[in-house]
Amino acid sequence: MSGLKKIVTFLAMTLVVWAGGFTLESPDVSGQLSLVQVYNGFGCRGENLSPELHWRGEPMGTKSFAVTMYDPDAPTGSGWWHWIVCNIPKNIHDLPRGAGDPSVTKMPKGALQCLNDYGEMGYGGACPPRGDKPHRYILTIYALDVEKLPVDPHTPPAKVRFMIESHAVAKSSLMAWYGR
């Protein structure tokens, strides 16, 4: 591939990533997370249910989706991964409330829930340290250029995130806060 063709391809992909039509919505996430989305453990007493999510407007060529929930304010030096789901088929455009519980069958066929930073599969809700400032919780949907990422449920969160970012062609996020 010539240098000019590589530059044109890169610019085209950059425009796709920043295309404004890819959106993520949730009737469960607006400003402050509720006890429904809060973890049940680590001193927190919530219901630990993942929020209902809906997305649309993915770019052409999308082959699958991934969803993450991340707390950049966690006092770890690298944040905290609360939820990582990949290999969501391209024809799926929503996840129902509670889909992050691996003991129920609400996740679409083929989707893979990976380890979170609690060391568990599936969704692990918000649980910032008591007395800390409210933390930000960022839910992100990624449109990916592959049908399946080369990961398994026990792949460390950092590696899964690397694979997601390596194959992302677009993403859209929602942010909520929670403090205690």
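Quick note: numbers below take in every heavy atom, side chains included, and nothing from hydrogens, waters or symmetry partners.
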**Request:** Quick one: list whatever passes ring pair (Phe, Tyr, Trp, His ring centres under 6.0 Å) with Phe162, sequence neighbours left out.
**Result:**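 Residues passing ring pair (Phe, Tyr, Trp, His ring centres under 6.0 Å) with Phe162: none at all.
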Heavy-atom donor-acceptor pair, [X] side chain to [Y] backbone, under 3.5 Å:
X: Arg180; Y: Pro128; result: yes
X: Trp83; Y: Gly125; result: no
X: Thr62; Y: Ala143; result: no
X: Thr140; Y: Ser173; result: no
X: Lys90; Y: Glu147; result: no
X: Asp73; Y: Arg136; result: yes

**Message:** One pair to check against side-chain contact (heavy atoms from CB on, under 4.5 Å): Glu25 and Leu53. What are the steps and the verdict?
**Reply:** CA-CA 6 Å; Glu25 298 173 343; Leu53 300 174; over 6 Å; no
Please, which pairs that meet disulfide bond (SG atoms under 2.5 Å apart) have at least one residue in [range], sequence neighbours excluded?
range: residues 146-180; result: none
range: residues 147-180; result: none
range: residues 139-180; result: none
range: residues 118-180; result: Cys44-Cys127

Interatomic spacing from [atom1] in [X] to [atom2] in [Y] - rounded to 0.5 Å:
X: Arg161; Y: Lys159; atom1: CZ; atom2: NZ; result: 15.0 Å
X: Tyr178; Y: Gln37; atom1: OH; atom2: CD; result: 10.0 Å
X: Ser64; Y: Asp145; atom1: OG; atom2: CG; result: 8.0 Å
X: Ile141; Y: Ile88; atom1: CD1; atom2: CD1; result: 5.0 Å

Side-chain hydrophobic cluster, 4.5 Å single linkage: members besides [X]:
X: Val36; answer: Leu49
X: Trp177; answer: Ile138, Met175
X: Tyr39; answer: Phe42, Trp80, Tyr118

Linking I/L/V/M/F/W/Y whenever their side-chain heavy atoms sit closer than 4.5 Å, directly or via other members, would [X] and [Y] fall into one cluster?
X: Met107; Y: Leu149; value: no
X: Leu24; Y: Phe22; value: yes
X: Val38; Y: Leu174; value: yes
X: Phe65; Y: Met69; value: yes
X: Leu139; Y: Leu144; value: no

**Within-4.5 Å side-chain heavy-atom neighbours: Pro27 and His54** =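 Yes - at least one pair of side-chain heavy atoms lies under 4.5 Å apart.
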**Item:** Full working for salt bridge (charged side-chain N to carboxylate O under 4.0 Å, His left out) between Glu165 and Lys171
**Value:** CA-CA 10 Å; Glu165 287 291 341; Lys171 63 184 177 180; 3.7 Å; yes
**Message:** Once side-chain contact (heavy atoms from CB on, under 4.5 Å) is applied, do any residues pair with Pro150, and if so which ones, sequence neighbours excluded?
**Reply:**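 Checked Pro150 against side-chain contact (heavy atoms from CB on, under 4.5 Å); matches are Met163.
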**Pairwise side chain to side chain donor-acceptor pair (under 3.5 Å) hits with a residue in residues 123-132, at least two apart** =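 Qualifying pairs, neighbours excluded: Asp132-His135.
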Ignoring hydrogens, what is the shortest heavy-atom contact between [X] and [Y]? Give both atom names and the distance.
X: Pro89; Y: Lys109; value: CG-O, 3.3 Å
X: Val151; Y: Cys86; value: CG2-SG, 3.7 Å
X: Ala66; Y: Ile164; value: CB-CD1, 3.8 Å

**Sequence-distant partners of Glu47, side chain to side chain donor-acceptor pair (under 3.5 Å), two or more places apart** =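 Listed in chain order: nothing, the list is empty.
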**Item:** Trace of the side-chain contact (heavy atoms from CB on, under 4.5 Å) decision for Ser50 with Leu95
**Value:** CA-CA 9 Å; Ser50 58; Leu95 293 177; over 6 Å; no
**For Ile84, the option from Leu112, Val160, Leu115 that meets side chain to side chain contact (heavy atoms under 4.5 Å, CB included)** =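 The passing option is Val160.
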**Message:** Under the criterion side-chain contact (heavy atoms from CB on, under 4.5 Å), I'd like the reasoning laid out for Lys148 against Lys63: C-alpha separation, chi angles, the key distance, then a yes or no.
**Reply:** CA-CA 8 Å; Lys148 301 252 184 230; Lys63 295 182 179 175; over 6 Å; no
**Prompt:** With no hydrogens and no angle check, do the side chains of Asn116 and His82 hold a donor and an acceptor under 3.5 Å apart?
**Reply:**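 No donor-acceptor contact under 3.5 Å links the two side chains.
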**Contacts of Asp101 that satisfy salt bridge (Lys or Arg N to Asp or Glu O under 4.0 Å) - sequence neighbours left out** =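 Asp101 satisfies salt bridge (Lys or Arg N to Asp or Glu O under 4.0 Å) with no other residue.
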**Request:** Would you sort out whether Ile92 and Trp55 count as a side-chain contact (heavy atoms from CB on, under 4.5 Å), showing the intermediate values?
**Result:** CA-CA 9 Å; Ile92 302 296; Trp55 57 91; 4.3 Å; yes
